[in-house]
Asker: 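One structure, as structure tokens, below. Some questions next.
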Number of protein chains: 2
Amino acid sequence: MDDARGRLAAAAVEAFADNGFHATTTRDIASRAGMSPAALYVHHRSKEGLLFALSRDGHLAALDVVTEAAARHDDPTARLQAMIHDFTQWHAEHSKTARIVQYELAALTPDHLAEVARHRRAIERTVREVLEEGVARGEFEVADVPGTALAMLSLAVDLVRWYEPGGSRSPQQLADLYAGLALRMARPL
Amino acid sequence: MDDARGRLAAAAVEAFADNGFHATTTRDIASRAGMSPAALYVHHRSKEGLLFALSRDGHLAALDVVTEAAARHDDPTARLQAMIHDFTQWHAEHSKTARIVQYELAALTPDHLAEVARHRRAIERTVREVLEEGVARGEFEVADVPGTALAMLSLAVDLVRWYEPGGSRSPQQLADLYAGLALRMARPL
DNA sequence: CAGGTCATCCTAAGCGCTTGCTTAGCACCT
DNA sequence: AGGTGCTAAGCAAGCGCTTAGGATGACCTG
């Protein structure tokens, strides 16, 4: 049929997000993709290699969302608001991929973990920088910039623990809510 | 020797927190406790039964921390501050148990999940109620009370994803930081 | 106080099953 | 004629859990 590699990746996202990496079998992934278990090893070196491909792509997508949002605005208030808004919305709209990104780091090999850790630090740095600039310009009042940046990201990250598509809150509503809370965390007292 | 059941529980907390439920073997737990694999089944029906015992005790401890903090204060501002402070501090000081409480729900049987879910709802309800009372008294200005309550709890919950004892922030510092951020989320604009 | 009884707590051994992954080979397209 | 993408079959290892029985100490009995 269509792209078999893509079907395999989509099946793995579902399986890993629903059951976790360790509770997911290669037979489960393969059967969701309509293939034999051996087909997985045509496209990936191992089950962990497949996880890494998903995790890396997910990290790059999340980083892209944040940097794009930051690039759209000049003043720190609008920039922070857009960053947390879009980061939250991405986590809700891609909650299965995001769950793999945020909760399956421990299953990666040291080499693979080192690569995705670089992307994670880039995301944190982007949030820290907008807070620092806002403080410098007097738009924000934040005593602990790294800690507050971590807290803002925690809102979106923790969403994937409980979020279900079709629940009472849409991705847009959550994005608006968390972007507003982030601004309240940074606003001068 | 000493309490063998307690040693088994302590070993399981370490193993489940470090490697996750599914990646932990009964042989690993038993050897950490200095026992044979079969000893686990003297004290628990199954590996999942052991997880449930840890999860239930952890949930009750966390719920107790929140209700105790709430009971110590009358006005909503002080009460909210104490609740988020103590809830955060508990998650940092008991980060291994908290990791099991927050991240291993999917490994529980439906019956066991139903019981811990009751305790989780009790915690959420306590936070929602203090927000509602604060809004009623004019101390808080919160548009989405359930969503904001969820966000405040998310801060402490997400901490267990990255917290390591002996890191740059102490449990007290984190508790102060997150309690302050929670107040900023609720304070009138 | 000596000897027997019983419950408690644990272990050695291993059963049946599932796991991630490999191998050999087939079908199809160019 | 050869490369590509897949499968059927199965291997070695590790899994959760069971079974049968040994060691220990508390407690009766004569």
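First the proteins, then the strands, lettered A, B, ... as listed; each starts at 1. Because only heavy atoms are used, hydrogens play no part in the values below, and waters and symmetry mates are left out as well, while side chains stay in.
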Asker: Does a side-chain N or O of B:T26 approach OP1 or OP2 of D:dG16 to a distance below 4.0 Å, or not?
Answerer: yes

Asker: Within this structure, what is the CZ-to-P distance between A:F21 and C:dT19, rounded to whole angstrom?
Answerer: 13 Å

Asker: Under 6.0 Å from the six-membered ring centre of A:F52 and within 45° of its axis: does the NZ or CZ of A:R56 meet both?
Answerer: yes

Asker: Just compare D:dC17, C:dG20, D:dC15 and give me whichever is closest to any side-chain atom of B:Y41.
Answerer: D:dC17

Asker: Between A:R169 and A:L174 (side chain of the first, backbone of the second, donor and acceptor by atom type, cut-off under 3.5 Å), is there such a pair?
Answerer: no

Asker: Would you indicate which nucleotide in C:dC10, D:dT18, D:dT7 comes nearest to any side-chain atom of A:A39?
Answerer: D:dT7

Asker: I want to check something: taking the side chain as every heavy atom from C-beta on, are B:E139 and B:E133 in contact at a cut-off of under 4.5 Å?
Answerer: no

Asker: Roughly how many Å is it from CG in A:L40 to P in D:dG5, rounded to a whole number?
Answerer: 15 Å

Asker: From CE of A:M35 over to C1' of D:dG5, roughly how many Å is that when rounded to an integer?
Answerer: 9 Å

Asker: In terms of the nearest nucleotide of DNA chain D, which residue is placed more toward the 5' end: A:V42 or B:T25?
Answerer: A:V42

Asker: Which of these nucleotides, D:dT18, C:dC21, D:dC17, is closest to any side-chain atom of B:A38?
Answerer: D:dT18

Asker: Where the side chain of B:H85 meets the backbone of B:Q81, is there a donor-acceptor pair that is under 3.5 Å apart?
Answerer: no

Asker: With a 3.5 Å cut-off and just heavy-atom distances, do the side chain of B:R27 and the base of D:dG16 make a donor-acceptor pair?
Answerer: yes

Asker: Taking the side chain of A:S36 as heavy atoms from C-beta outward, which of D:dT7, C:dT11, C:dC21 is closest to it?
Answerer: D:dT7

Asker: Are any of B:H44's side-chain N or O atoms less than 4.0 Å away from OP1 or OP2 of D:dC17?
Answerer: no

Asker: In whole Å, I'd like the distance from the CG atom of B:D28 to the C1' atom of D:dG14.
Answerer: 13 Å

Asker: Rounded to whole angstrom units, what separation is found between the CD atom of A:E48 and the P atom of C:dT19?
Answerer: 19 Å

Asker: What is the distance, to the nearest angstrom, from the CG atom on B:D3 to the P atom on C:dC10?
Answerer: 9 Å

Asker: Please check if the side chain of B:S31 supplies one atom and the backbone of B:D28 the other of a donor-acceptor pair under 3.5 Å.
Answerer: yes

Asker: Distance check needed: C:dG20 P versus A:K47 NZ, whole Å only.
Answerer: 4 Å

Asker: Provide, to the nearest angstrom, the distance between the NE2 atom belonging to B:H22 and the C1' atom belonging to C:dG20.
Answerer: 17 Å

